[in-house]
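Taking it in order: structure first as structure tokens, then the write-up.
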There are 2 protein chains.
Amino acid sequence: MSALLDAIFAALADPTRRAILSMLLEDDMAVTDVAEPFDMSLAAISKHLIVLERAGLIAQEKRGRLKWCKLEPSALKLPSVWMQGFGQFDPINLDDFEKFLAAEIKTGSSDASGEEPE
Amino acid sequence: MSALLDAIFAALADPTRRAILSMLLEDDMAVTDVAEPFDMSLAAISKHLIVLERAGLIAQEKRGRLKWCKLEPSALKLPSVWMQGFGQFDPINLDDFEKFLAAEIKTGSSDASGEEPE
DNA sequence: TTATTATTCAACCTTTTGGTTGAGGATACG
DNA sequence: CGTATCCTCAACCAAAAGGTTGAATAATAA
């Protein structure tokens, strides 16, 4: 059904591509700089970046002779929502957390800051 | 690095396998019943189930001559946590949501139900 | 026992994936 | 201008993925 979901999960399935995404979390980077830490040809990295772009996980913009790669974390929303359909695994469950906070308020315990409802 | 993450994301990248997971959300099923709605050989479905099992997304248990497939939603925790490392995409962000609810309480607006704090 | 049902295995095929190398198009620099 | 740098394209390759069919195994049913 959802070809986009196919593309996103497939893009995330490769460790090199996940590493690239983590690098881009720190800062935008040009292609050559992205490639630098990897023991792999520049062309290979270029292909990985195309896969990531087609999945919407990064955006690439050419400025001068450098092509800048920028993380697009909003693309993770779709797979995240899909996963949340499976419910109970989720570290943060909306309903449970809302109930928890409501209970905190009612009991007057004003120390609702750092507690995690397990 | 994480071969498990590789396996999980790769397993989720196929629409047939995602459909199987959705089916198993309703109930445990035997292999033949899983295969029934798909226009595909039983052997193909059997392979898909093996992929899902190796990723930890389902468990298979043989009882009699039927092999029951059971969803293991906890396997989604690892990819979910990995994704949360990218932050702002997340539909439910603990800190943001807490601030949002705190604001709701202070302003006395009791309609905190269906709103998404963007 | 024999037959039927449930599932996997083995061999095979085609397409995709992830890598290589070498050439080539832009853009910047001297 | 000529040359170096950045990046992609094209052709190629090996391995993996996703499918098929037919035989094999295992458990139930008659």
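Naming: A, B, ... by sequence-line order, numbering from 1 per chain.
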Original post:
Given L71(B), which of I20(B), L21(B), D28(B) fulfils the side-chain contact (heavy atoms from CB on, under 4.5 Å) condition?
Top reply: L21(B)
Original post:
How long is the line joining NZ of K67(A) and C1' of dA26(C), in whole Å?
Top reply: 12 Å
Subject >> L24(B) side chain reached by K70(B) side chain, heavy atoms, under 4.5 Å >> reply: no
Original post:
Between dT20(C), dT28(D), dC6(D), which one does the side chain of L66(A) approach most closely?
Top reply: dC6(D)
**OP:** Using only side-chain N and O atoms of S41(A), determine if any of them is under 4.0 Å from OP1 or OP2 of dT20(C).
**Re:** yes
List, one per line, each side-chain donor-acceptor pair under 3.5 Å for residues 46-53 of chain A, sequence neighbours excluded.
unit_1	atom_1	unit_2	atom_2	d
H48(A)	ND1	R17(A)	NH1	3.2
E53(A)	OE2	Q60(A)	N	3.4

Original post:
Which part of the nucleic acid, if any, lies within reach of R17(A) when heavy atoms closer than 4.0 Å are counted: base, sugar-phosphate only, or nothing?
Top reply: sugar-phosphate
Original post:
Quick one, which residues of residues 26-39 of chain B touch DNA chain C with a heavy atom under 4.0 Å?
Top reply: A30(B), V31(B), T32(B)
Subject >> Comparing S46(B) and A13(A) on DNA chain C - which has the more 5′ nearest nucleotide >> reply: S46(B)
**OP:** Please determine, for the side chain of R65(A), which listed nucleotide (dA6(C), dG19(C), dA4(D)) has the closest atom?
**Re:** dA4(D)
Original post:
Among dG18(D), dT20(C), dC9(C), which nucleotide sits nearest the side chain of D14(B)?
Top reply: dG18(D)
**OP:** Give one of base, sugar-phosphate or nothing for L42(A), where a contact means two heavy atoms less than 4.0 Å apart.
**Re:** base
